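In this text, all values refer to a predicted model and were calculated from it rather than measured experimentally. Both counts, for ligands and for their atoms, begin at 1 and track the order of listing. The basis for the numbers below is simple: all heavy atoms, side chains too, and nothing from hydrogens, waters or symmetry mates.
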Amino acid sequence: MSDQFISIYQTSEEQLLEKAVQDGVETMWDRKAAMKAPCGFGEKGICCRICAMGPCRISPVAGKGAQRGICGATADVIVARNLARMVAAGTASHSDHARDIAHVMHMASRDGNFKIRDEKKLLDLASEWGVKTEDRDIYEVAHEVAEIALNEFGKPFGTLRFLERAPEKRKKVWDDLQIRPRAIDREIATILHSTHIGCTGDAESLLHMSMRTALADGWGGSMIGTVFSDILYGTPVPRETESNLGVLDEKQVNIILHGHEPSLSEMIVMASLDPEMQKLAKKVGAEGINLAGMCCTGNEVTMRHGVKIAGNFYQQEMAVLTGAVEAVIVDVQCIFPSLVPITECYHTKFITTSPKAKITGATHIEFHEDRALESAKAIVREAIENFKNRKKEKVFIPTEKSSGVVGYSVEAIIKQLDKVVNPHIDPMGTIKPLADVIKAGVLRGAVGIVGCNNPKSKHDYSHIEIMKKMIANDVIVVTTGCAAQAAVKAGLTNKDARKLAGQGLATVCELVDIPPVLHLGSCVDISRIMTIVGEVAKHMDLDNSDLPVAGIAPEWMSEKAVAIANYVVATGIDTFLGITPPVTGSEEVMDIMTNRVEAMTGAKFFIEEDPHVLADKVLSRIEEKRQKLGI
Ligand code: SF4
Ligand code: SF4
């Protein structure tokens, strides 16, 4: 078992798994073992069950066995169709998340629970979208902007508004390829239509549509999610936090916030600070309420409030195994249904809150946005009352935790960059210092390291190995999602981590006062990365694809990650996947993804499961791009 762990938290995770055996609890590892070898057809993407003539599966050996499904679909079509449906699901997830936030902004009011916290960002967006702002109440502006955003999901004409933020050269690429997404839901619906039996039967066309759908995520749903969350809950600024299971506190009511949407978690944060709730916690014998985030909800609340991070995707079961968690409060996405049987072995309450993600066996307490704080208090109360039921003999909290700085929104990064601007020479508040150090070669490039955990890879191992290699080679790292949480746990978002960086990056970190790995937020916040890359490209009068940058998903697992990878490549940024996607059953799809797409978007996919080899490939690609630019 130890082979599956990264050394920095090997001991505690091994101890927790031993505890699982003693407590008679089944974990992800038991289920993985029970799966035995994965189905080779599914692994290669060559099985299809989209109509009742099937399921069909194509022989992996050319010329031997079934070469087509009953309808005549080839392996190329089946693989591309399956991938397209992953993109659709990923785009739907990010976008539905964003739709809810836009709805919340539509109901925001001065005396309500949801308020406008970043007026400047709202006013900037209003002027970008042509909404009148003079002599108007800020909430009136907010409601009109929210309505425009809600129309982005299903407008009958035109293309998505945020695409205009991209460099001109990129927009031309999208126009030439005809992949500018129109309305978000429309792209999802169209791709589901096209992947129905007897519709698109051409792999290249399917991958082309996948990029358009994915762009509706990155430059639509995810961007709305990020921008609107900042307006409603505040644009993040750098702040200290701690991460790993050691943030759980034996003396306090421990509440794990897990899932994705910030509307719930923001209210839980407010509710837990409420004097009435604090008093109740004391009454049940606790010293207070200890919130700890997990996955992207964890990222949202740590970015804006410094709430500690219990862990990433892989650790959701581990947190319950500590026996010290009063409640796991979840909304949507990346929530293991196994939390039901696991929490049943302890006193922990597993509370679902969204009608979109009910789980049999969990306690469902619906979160109502129209009475958000009251709803959140009811949920927090349930957790506090449960403190009395904690069984001391079942508690084991590992001690490991690390501290780090989080909160690097684009605005926060630009503010840090201002530290090295001479205002007599250059304007403040621009991305120029970053472009300058890249041009000069002080920084060789920049990479976004994002994505999940996957039991096919040692926990966090690939994330950390790749991050270390990047910074040692003067490549600055921006990170989001569960990768970002891995970085905090490993101490890489700590400013002291600059000692692991090469001389160029270390100097930049010192002058600008940043760590070498910047935590940019949750998975929807990858839209922040798209924005920074676009701003640097605009500043240098280049396209994104010219820049020495790359996206890396070392331990990805979800369909959302597939959508992300597709919009990153469509945005002109090479994408390195540390887990092989289910596409190897089609030579054509592999050829398009890892080769031909470059002629279309200027970027392509690299698939490499060895993190060290992957890191070398990233570095050589960055140097290749620098050479082409003559920098
Ligand atoms: S769509 Fe074609 S390949 Fe897929 S299950 Fe139906 S018959 Fe088989
Ligand atoms: S990085 Fe992956 S596992 Fe983590 S929250 Fe995002 S989609 Fe889920």
Side-chain angles (χ1 to χ4, degrees), residues 28 41 45-59 66-82 84-86 89-94 97 194-201 206 217 222 225 257-262 265 293-302 309-317 330-336 357 448-455 457 459-460 462-463 479-487 519-526 551-565 577-579 585-586:
M28 170 175 83
F41 296 97
I46 44 178
C47 52
C48 179
R49 48 158 191 76
I50 65 172
C51 89
M53 292 193 288
C56 301
R57 51 191 205 181
I58 305 299
S59 162
Q67 297 296 300
R68 286 177 183 262
I70 293 169
C71 66
T74 59
D76 298 331
V77 169
I78 290 173
V79 167
R81 223 161 36 187
N82 289 339
R85 287 190 163 214
M86 291 181 91
T91 302
S93 305
H94 284 144
H97 163 162
S194 296
T195 53
H196 189 274
I197 176 181
C199 219
T200 308
L206 284 160
D217 175 350
S222 284
L257 282 171
H258 176 23
H260 281 77
E261 291 183 7
S265 48
M294 188 149 266
C295 285
C296 280
T297 274
N299 284 325
E300 299 277 358
V301 286
T302 202
I309 305 164
N312 50 5
F313 180 66
Y314 170 101
Q315 285 166 295
Q316 55 188 295
E317 293 185 332
V330 303
D331 52 19
V332 292
Q333 301 170 23
C334 302
I335 302 150
F336 274 14
I449 301 185
V450 304
C452 325
N453 293 135
N454 188 319
S457 161
H459 181 209
D460 289 349
S462 299
H463 287 311
T479 181
T480 65
C482 290
Q485 294 171 331
H519 187 312
L520 264 64
S522 65
C523 294
V524 294
D525 293 336
I526 293 172
I552 312 172
E555 302 177 22
W556 74 274
M557 64 87 204
S558 72
E559 289 164 319
K560 290 179 289 175
V562 179
I564 293 166
L577 303 174
I579 302 284
S586 161

Any non-hydrogen atom of His260 lying under 4.0 Å from ligand 2? yes
Could you tell me which atoms of ligand 2, counted from 1 in the order shown, lie closer than 4.0 angstrom to a heavy atom of Cys482? 1 (S), 3 (S), 4 (Fe), 5 (S)
Using a 4.0 Å cut-off to any heavy atom of Cys452, which atoms of ligand 2 qualify? 1 (S), 2 (Fe), 3 (S), 7 (S)
The single option from Asn454, Ile579, Asn453 passing side chain to side chain contact (heavy atoms under 4.5 Å, CB included) against Met557: Asn454
What atoms of ligand 2 come within less than 4.0 Å of a heavy atom belonging to Phe313? 3 (S)
With heavy-atom distances below 4.0 Å as the criterion, list the atoms of ligand 1 near Cys48. 1 (S), 3 (S), 4 (Fe), 5 (S)
Check whether any N, O or S atom of Cys334, backbone or side chain, sits closer than 2.8 Å to atom 8 (Fe) of ligand 2. yes
With a 4.0 Å cut-off on heavy atoms, is Met557 touching ligand 2? yes
Judged by non-hydrogen atoms, does Arg68 sit under 4.0 Å from ligand 1? no
Identity and distance of the protein heavy atom lying nearest atom 6 (Fe) of ligand 2: Cys523 SG, 2.5 Å
Can you find a pair of side-chain heavy atoms, one from Asn299 and one from Thr480, that are under 4.5 Å apart? no
Student check: side-chain heavy atoms of Val524 and Cys296 closer than 4.5 Å: no
What are the atoms of ligand 1, with element, lying closer than 4.0 Å to any heavy atom of Cys71? 1 (S), 2 (Fe), 3 (S), 7 (S)
Can you list the ligand 2 atoms lying under 4.0 Å from a non-hydrogen atom of Cys295? 5 (S)
With rounding to the nearest 0.5 angstrom, report the CE to CD distance, Met28 to Gln315. 10.0 Å
Is the ring pair Tyr314/His459 parallel, tilted or perpendicular, if the boundaries are 30 and 60 degrees? parallel
At less than 4.0 angstrom from any non-hydrogen atom of Gly451, what atoms of ligand 2 do you find? 1 (S)
Per-atom filter on ligand 1: closer than 4.0 angstrom to a heavy atom of Cys56 are 3 (S), 5 (S), 7 (S), 8 (Fe)
Show the atoms of ligand 1 that are less than 4.0 angstrom away from any heavy atom in Gly54. 5 (S)
So the atoms of ligand 1 within less than 4.0 Å of a heavy atom of Met53 turn out to be 7 (S)
Quick check on contacts: which atoms of ligand 2 are under 4.0 angstrom from a heavy atom of Ser558? 7 (S)
Of all the atoms in ligand 2, which lie at a distance below 4.0 Å from a heavy atom belonging to Cys296? 5 (S), 6 (Fe)
At less than 4.0 angstrom from any non-hydrogen atom of Lys560, what atoms of ligand 2 do you find? 7 (S), 8 (Fe)
